[in-house]
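Reviewing the structure listed below.
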Amino acid sequence: MIARSLETRGRETVDGSRHRWRGRTVAIALLVLLVIAFSASLARGAVTLSVAELWQAAIGQGKATHQTILWELRLPRTVAAVLVGSALSLSGALLQGMIRNSLATPFLLGLSAGAGFVAVLMLTLGLPQSWIPLSSWLGAAASTVIVFLIAKTKSGIAIDRLILGGVALNSIFFAMQTILLLFADDGRTQLALNWLVGSLSGRSWGDISTPAPLMVAGAIAACLLARTINLLNTGEERAASLGVSVGRSRLFVGVCASLLAACAVSIAGLVSFVGLIVPHGVRLLVGTDYRWVLPLSAIGGAVVLLVADTVARFGAVELPAGAVTALLGSPFFLWLLYRRSAA
């Protein structure tokens, strides 16, 4: 009996060591990719800058044009890509962990649609854009409440009703956005369309100064919820027996996820699939321990959106980053659906 207990403990220790080693390896690899993607994003554009030119511009030397390109055009756009990619990935990871479904995303559950509708409403009405982050968060929070009310049953949250409710809300908000665009002025319509597609073009320091602190605070809060999500993944009854208030915990996770999604939408619009593919990919690499999944999802999301935004600038005509992520994410989503149906 004692020997078997010691053997079990030894096996758990070995598994834990392997898990930590794998997590650290993936973290280092993602950080290296983040540095490379960040540098490529700064260098690539209508005017391609070499490493030497980037360095000179960064320390205030070289051509004044290169300094302007780096500090006023490329750097705020690159920082915006990091913030938006991290926020969307964290939001997706939080929702997937909360309801134990790898298909849950801010888009699928209606969070981004609610935030996007409010942003389009403000843009088409000509209201101050500085109000968009808070207003978008309120839209996302309202969508979250509606979806969970639809999905709530006597026995808990029905996953199928949660997803179907999110799909229905997406359709409603899309119809309302279409009506707003039909009656808006041409200039405001074009601005709103850029939000709907999802683009980082022309982002300045002013666009990220307001939502950035909220996103950093939301990211820290998300990582602090890792243990709670791990307990929720063991099942509602077991989590409750371990002292977790299931309803309150889900409320905290939903508020944090909606805050991150709303801030991301307020900067870049509806950038799709990042909140789906990145958390799922991270879980395939490091497992389901959200103490690793959440921070690595943040890094991975930043890498994915940086790469997508850089690829969007390669052609003669710049593509919206949201179009690139949709092209990359759609095949992965179809594969994920096929894998789930075959299981």
Side-chain angles (χ1 to χ4, degrees), residues 26 29-49 69 73-93 96 105-108 111-113 115-116 119 193-204 207-208 211-212 215 219 260-285 296-336:
V26 173
L30 286 176
L31 287 173
V32 171
L33 290 175
L34 179 61
V35 172
I36 295 173
F38 194 93
S39 302
S41 178
L42 293 177
R44 182 66 190 177
V47 178
T48 301
L49 302 179
I69 290 174
L73 299 177
R74 301 274 174 83
L75 191 57
R77 178 171 181 163
T78 301
V79 172
V82 172
L83 290 173
V84 172
S86 298
L88 290 175
S89 298
L90 276 173
S91 181
Q96 291 171 14
T105 68
F107 285 86
L108 192 61
L111 273 70
S112 293
L193 285 175
N194 288 333
W195 287 89
L196 290 177
V197 176
S199 175
L200 292 165
S201 178
R203 296 301 179 264
S204 64
D207 294 322
I208 63 177
M215 297 168 88
L260 290 168
C263 289
V265 170
S266 71
I267 293 176
L270 305 183
V271 179
S272 58
F273 285 103
V274 176
L276 169 68
I277 61 176
V278 175
H280 191 76
V282 168
R283 282 196 301 272
L284 290 176
L285 293 174
L296 293 182
S297 292
I299 302 173
V303 172
V304 167
L305 194 54
L306 280 171
V307 171
D309 187 51
T310 304
V311 170
R313 289 179 259 166
F314 269 93
V317 177
E318 181 177 324
L319 297 174
V324 177
T325 57
L327 288 173
L328 296 176
S330 297
F332 184 87
F333 185 69
L334 293 174
W335 171 80
L336 184 58

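This structure is a prediction, so every number in the text was calculated from the model and none was measured.
- Between Ala40 and Thr310, the closest heavy-atom pair is O-CG2, 4.2 Å.
- In this structure, CG in Leu83 is found 10.5 Å from CG in Leu260, a value given to the nearest 0.5 Å.
- Between the OG atom in Ser201 and the CG atom in Leu319 there is a gap of 11.0 Å [rounded to 0.5 Å].
- No donor-acceptor distance shorter than 3.5 angstrom exists from the side chain of Ser91 to the backbone of Ala87, with no hydrogens or angles considered.
- A donor-acceptor pair under 3.5 Å links the side-chain atoms of Arg203 to the main chain of Ile267, judged by distance alone.
- Between the Ser86 side chain and the Val82 main chain, a donor and an acceptor come within less than 3.5 Å of each other.
- Note that OG of Ser199 is 7.5 Å distant from CG of Asp309, once rounded to the nearest 0.5 Å.
- Shown here for Ser266 and Pro211, the closest heavy-atom pair between the two residues is OG-CB, 3.9 Å.
- Within the model, atoms OG of Ser330 and CD1 of Ile277 stand 9.5 Å from one another, a figure rounded to the nearest 0.5 Å.
- Leu42 has its side chain out of reach of Leu49: every pair of non-hydrogen atoms, C-beta onward, lies at least 4.5 Å apart.
- Side-chain N or O atoms of Glu318 include none that pairs as donor or acceptor with a backbone N or O of Gly45 at under 3.5 Å.
- No side-chain donor-acceptor contact under 3.5 Å links Ser297 and Arg283.
- Nearest heavy-atom pair, Val274 versus Gly85, reported as atom, atom and distance to 0.1 Å: CG1-O, 3.9 Å.
- One N or O on the side chain of Thr325 and one on the backbone of Gly322 form a donor-acceptor pair closer than 3.5 Å.
- Residues Phe38 and Leu75 form a side-chain contact, since some pair of their non-hydrogen atoms from C-beta on lies under 4.5 Å apart.
- No side-chain donor-acceptor contact under 3.5 Å links Thr105 to the backbone of Gly92.
- In plain terms, the two heavy atoms of Ser41 and Thr78 that are nearest each other are OG-OG1, 2.9 Å.
- The shortest side-chain heavy-atom distance between Phe273 and Leu328 does not fall under the 4.5 Å cut-off.
- Taken from CG in Leu31 to CD1 in Ile36, the straight-line distance is 11.5 Å, to the nearest 0.5 Å.
- Considering all non-hydrogen atoms of both residues, Ile208 and Ala80 come closest at CG2-CB, 3.8 Å.
- Side-chain contact check for Arg313 versus Leu200: every heavy-atom pair is 4.5 Å or farther apart.
- The two atoms that bring Leu296 and Leu30 nearest to each other are O-CD1, 3.7 Å, heavy atoms only.
- In this structure, the separation between CG on Leu306 and OG on Ser39 is 10.0 Å, given to the nearest 0.5 Å.
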